[in-house]
Visitor: 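Got a structure for you, questions after.
Every chain is numbered from 1 and lettered A, B, ... according to where its sequence line falls, protein lines coming before strand lines.
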Amino acid sequence: MGFKQKVMEKKIAIIDCNNFYVSCERLMNPISIGKPTVVLSNNDGCVIARSQEAKDLGIKMGDPYFTQKDFMNKHGFCVYSSNYNLYGDISDRVFSVIKKYSLNVEVYSIDESFVDFSNINFENLKDVLEKIKFEVKRQVGIPVSIGVGPNKTLAKLTSYMAKQDKTYNGLCSFWDIVNFRNLLYSVDVSDVWGIGRKWSKKMKSFGIESVGQFVNTSDGLVQQLTNINGLRTKYELLGSYCFHVQLKPKLKKNLTSSRSFGQDINSLDQISEAMYNYIKSGVKKLNQNKMATTTATIFLSGNTHKDQNHSKSKTITFDKSMNDEIEIWSQISKHLEDMYSNLKTYKKCGVTFHNLVPQNVIQNTLFPSNFEKLIPPINKQKKWEMKQEFKSQKFTTSWNELPLVFS
DNA sequence: TCTGGGGTCCTAGGACCC
DNA sequence: TCTGGGGTCCTAGGACCC
């Protein structure tokens, strides 16, 4: 055992689907099995999921598709546009298998969950985790990796190790690792959950390269280089429990609708039309959640890949809660005009709704609204629309349409 | 020519109130 | 009229995650 076991020590697992979007596409398109395979973001812009074969050929996360297209053609890649309906369905199936083994599940993202197994004995822990891994693969067809440790950060770190070192066979326990503290000197600080690109770059300029060096950095310097959560991350790496497993899903706090434009644009008409459409789809999401909003933030930004880092945002508070796109547009359009400059070009815009309230508590104002409803902008050349060339034609509308998998 | 979208949290600074 | 500090709230921006 790496550490002496503490009283009340928790056992937190992370269960993580391998190359999730690629694994989903392979269920629907078995022809891609064994071939290098990638899934592209919206606009078919960049790579957001890679099969092992694609990783081995040097394709990186976030690589722009247009820079790799020829290479991929040459090497017989299977390329898919993202299909979130499919991934959502398969995600539900994965979680329902996991929940047969524990109810202490936090669904952390579409392909990951934290599970609190503190009530299970150490003798049985690995068996249960092995069983879950086996059953998710057998029943849903999705391979998973599992890391387990005394907190979320160490679970993530061991799951990372399980993926790096094939001898773990996809399951790594913190309590099986000998000399854990020494091992931390061979792990790059940027591989820690919670330490991103900016922070790790900052740390490296202070000579902090490895996780071992990070946990030996003074609290003061850690907080200076990051923030309070960076300090919590340090304490979790040392064995404390700071980031709690969230068993009850929290209510949605805000909701965003935004897109990059198909090309850079500078016409206010075009931007207005795009913004109106994002408001419309945001309102659709509000209605699906039976929510309304009292506050919106609109934002407008340039093409960061062309050093056009200008970005503006504006928060607007309404005089009542709203869920009507034309009313919301009426409150927002003048602010969009203020933010816009005809001397700049723009690549992206969008809207976030905050202060979401249930629709059944909407109070209609006693007096008629005193703002005029503006006619929404429509029927322009839609330069802002996105493209999607490789979308799989198959959608799952019920579980029965998915192929059954037995292994 | 073409480089994702959505979510949460934290911080600094300003406005406002007492 | 002049004086000031502390608390709270809001916003814009910037981190992080997937």
Side-chain angles (χ1 to χ4, degrees), chain A residues 14 16-17 19-21 38-49 60-70 81-84 87-88 91 106-114 152-153 156 159 190-203 223-233 243 246 249-265 278 281-282 285 289 294-317 335 339 347-356 383 385-389:
Chain A
I14 179 88
D16 188 348
C17 299
N19 314 330
F20 182 57
Y21 297 167
V38 294
V39 175
L40 303 179
S41 64
N42 287 320
N43 276 331
D44 293 334
C46 56
V47 172
I48 55 170
K60 298 276 183 293
M61 199 69 168
D63 275 353
Y65 176 56
F66 73 93
T67 65
Q68 302 293 346
K69 193 172 180 174
D70 293 343
S81 300
S82 35
N83 181 348
Y84 292 101
Y87 313 149
S91 171
E106 174 187 338
V107 173
Y108 176 62
S109 75
I110 194 165
D111 68 334
E112 281 178 62
S113 54
F114 287 106
K152 285 182 168 181
T153 304
K156 287 288 266 186
S159 134
S190 65
D191 293 325
V192 172
W193 179 63
I195 308 293
R197 248 186 57 244
K198 292 278 172 67
W199 286 357
S200 55
K201 198 177 160 194
K202 234 172 170 182
M203 286 185 201
Q223 197 150 4
Q224 185 193 322
L225 296 175
T226 65
N227 63 21
I228 187 67
N229 285 333
L231 193 55
R232 291 190 178 117
T233 297
F243 301 115
Q246 198 72 47
K250 284 185 179 166
L251 282 179
K252 214 188 230 314
K253 292 198 172 113
N254 51 50
L255 181 162
T256 303
S257 178
S258 75
R259 283 275 182 296
S260 293
F261 309 135
Q263 53 186 282
D264 291 4
I265 56 182
Y278 304 151
S281 75
K285 292 182 205 170
N289 287 281
T294 61
T295 313
T297 301
I298 53 172
F299 63 90
L300 183 55
S301 47
N303 190 335
T304 54
H305 299 287
K306 295 181 182 168
D307 274 340
Q308 294 166 354
N309 290 314
H310 51 272
S311 170
K312 271 197 177 300
S313 70
K314 174 79 187 165
T315 299
I316 299 123
T317 304
H335 296 288
M339 286 161 64
K347 181 60 178 171
K348 183 175 181 175
C349 75
V351 62
T352 299
F353 296 136
H354 320 264
N355 296 333
L356 306 185
K383 287 187 183 170
E385 280 195 331
M386 67 172 186
K387 56 182 186 212
Q388 264 197 333
E389 289 178 35

Visitor: Do A:Lys152's NZ or CZ and the ring of A:Phe114 fall within the cation-pi criteria of under 6.0 Å and 45°?
Guide: yes
Visitor: Regarding A:Ser260 and A:Asn43, is there a side-chain donor-to-acceptor distance under 3.5 Å anywhere?
Guide: no
Visitor: Can you tell which of B:dG7, B:dC9, B:dG6 lies closest to the side chain of A:Lys285?
Guide: B:dG6
Visitor: Within less than 4.0 Å of OP1 or OP2 of B:dT8, is there a side-chain N or O belonging to A:Lys252?
Guide: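 For A:Lys252, the contact criterion (side-chain N or O under 4.0 Å from OP1 or OP2 of B:dT8) is not met.
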Visitor: Is it true that the side chains of A:Ser301 and A:Ser311 contain a donor and an acceptor less than 3.5 Å apart?
Guide: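 The criterion, which ignores hydrogens and geometry beyond distance, is not satisfied for A:Ser311 and A:Ser301.
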Visitor: Stepwise, does the side chain to side chain contact (heavy atoms under 4.5 Å, CB included) test hold for A:Lys198 with A:Met203?
Guide: CA-CA 9 Å; A:Lys198 292 278 172 67; A:Met203 286 185 201; over 6 Å; no
Visitor: For A:Tyr21 and A:Tyr87, take the angle between the two ring planes, folded into 0 to 90°, and tell me which bin it lands in: parallel under 30, tilted 30 to 60, perpendicular over 60.
Guide: parallel
Visitor: Please report the distance, rounded to the nearest Å, between CD in A:Gln223 and C1' in B:dC9.
Guide: 14 Å
Visitor: Give the nucleotide from the list B:dT3, B:dG6, B:dG4 with an atom nearest to the side chain of A:Thr256.
Guide: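 Nearest to the side chain of A:Thr256 among the choices is B:dG6.
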Visitor: Scan A:Asn303 against the nucleic acid and name what it touches under 4.0 Å (heavy atoms): base, sugar-phosphate only, or nothing.
Guide: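 The answer is nothing, as A:Asn303 stays clear of every strand by at least 4.0 Å.
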Visitor: Name the nucleic acid region contacted by A:Thr226, choosing base, sugar-phosphate or nothing; use a 4.0 angstrom heavy-atom cut-off, strictly under.
Guide: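 A:Thr226: no heavy atom of the nucleic acid under 4.0 Å.
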Visitor: Start at the 5' end of DNA chain B and walk down; is the nucleotide closest to A:Asn229 or to A:Tyr21 reached first?
Guide: A:Tyr21
Visitor: With a 4.0 Å limit, can you tell me whether A:Asn254 has a side-chain N or O closer than that to the phosphate oxygens OP1/OP2 of B:dT8?
Guide: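 Looking at the OP1 and OP2 atoms of B:dT8, one of them is under 4.0 Å from a side-chain N or O of A:Asn254.
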Visitor: Looking only at the side chain of A:Arg232 (C-beta and beyond, no hydrogens), which of the listed nucleotides B:dG7, B:dG4, B:dC10 gets closest?
Guide: B:dC10
Visitor: Do other residues, nucleotides or ligands put more than 12 heavy atoms under 6.0 Å from the NZ atom of A:Lys312?
Guide: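 Not more than 12 within 6.0 Å, no.
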Visitor: With the sugar-phosphate defined as primed atoms, P, OP1 and OP2, and the base as all remaining atoms, what B/S/- string results for nucleotides 11-18 of chain C, 5' to 3', for protein heavy atoms under 4.0 Å?
Guide: SSS-SSSS
Visitor: Return yes if some donor-acceptor pair links the side-chain N/O of A:Ser257 with the main-chain N/O of A:Ser281 below 3.5 Å, else return no.
Guide: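 Not confirmed, A:Ser257 side chain does not pair with A:Ser281 backbone.
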Visitor: Of the nucleotides B:dC10, B:dG6, B:dT8, which has the atom closest to the A:Arg259 side chain?
Guide: B:dG6
Visitor: Under 3.5 Å, is there a donor on one side chain and an acceptor on the other for A:Asn254 and A:Thr352?
Guide: no
Visitor: Pick base, sugar-phosphate or nothing for A:Leu40, based on heavy-atom distances below 4.0 Å to the nucleic acid.
Guide: nothing
Visitor: Check the phosphate of B:dG6 against A:Ser258, side-chain N and O only, distance under 4.0 Å to OP1 or OP2. Yes or no?
Guide: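 Result: yes.
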Visitor: For DNA chain C, what dot-bracket results from Watson-Crick or G-U pairs at under 3.5 Å, with [ ] for crossers and | for inter-strand partners?
Guide: ....||||||||||||||
Visitor: Are A:Asn289 and A:Leu255 close enough, and set up right, to give a side chain to side chain contact (heavy atoms under 4.5 Å, CB included), and what steps lead you there?
Guide: CA-CA 10 Å; A:Asn289 287 281; A:Leu255 181 162; 4.2 Å; yes
Visitor: Compare side-chain N and O positions of A:Ser260 against OP1 and OP2 of B:dG5 and report whether any pair is under 4.0 Å apart.
Guide: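 A:Ser260 to B:dG5 OP1/OP2: side-chain N or O found under 4.0 Å.
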Visitor: A:Glu106 has an atom CD; how far is it from atom P of B:dT8, in whole Å?
Guide: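 Roughly 12 Å, once rounded to whole Å.
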Visitor: What pairs with A:His310 under ring-ring contact (aromatic ring centres under 6.0 Å, His included), at least two apart in sequence or on another chain?
Guide: A:Tyr346
Visitor: Does A:Lys201 reach a base, just sugar-phosphate, or nothing at all? Heavy atoms under 4.0 Å.
Guide: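 No contact.
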Visitor: Take A:Ile228 and A:Tyr65, find for each the nucleotide of DNA chain B with the closest heavy atom, and name the residue whose nucleotide sits nearer the 5' end.
Guide: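 Between the two, 5'-proximity favours A:Tyr65.
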Visitor: Rounded to whole angstrom units, what separation is found between the OH atom of A:Tyr278 and the C1' atom of B:dG4?
Guide: 12 Å
Visitor: Using atom P in both nucleotides, what's the gap between B:dT3 and C:dC18 to the nearest angstrom?
Guide: 24 Å
Visitor: Roughly, in whole Å, what's the span from NE2 in A:His305 to C1' in B:dC2?
Guide: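 Going from A:His305 (NE2) to B:dC2 (C1'), I get 11 Å.
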Visitor: Applying side chain to side chain contact (heavy atoms under 4.5 Å, CB included) to A:Phe353 and A:Thr297, what does each step give before you reach the verdict?
Guide: CA-CA 7 Å; A:Phe353 296 136; A:Thr297 301; over 6 Å; no
Visitor: Just the rounded figure in Å: distance from P of B:dG7 to CG of A:Leu251.
Guide: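 One finds 14 Å between P of B:dG7 and CG of A:Leu251, rounded.
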Visitor: Roughly, in whole Å, what's the span from CG in A:Asp44 to P in B:dT3?
Guide: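 Interatomic distance, CG of A:Asp44 to P of B:dT3: 11 Å.
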Visitor: What is the distance, rounded to the nearest whole Å, between atom NZ of A:Lys347 and atom P of B:dG4?
Guide: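 Interatomic distance, NZ of A:Lys347 to P of B:dG4: 7 Å.
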Visitor: Mind calculating the distance between NZ (A:Lys152) and P (B:dT8) to the nearest angstrom?
Guide: 14 Å
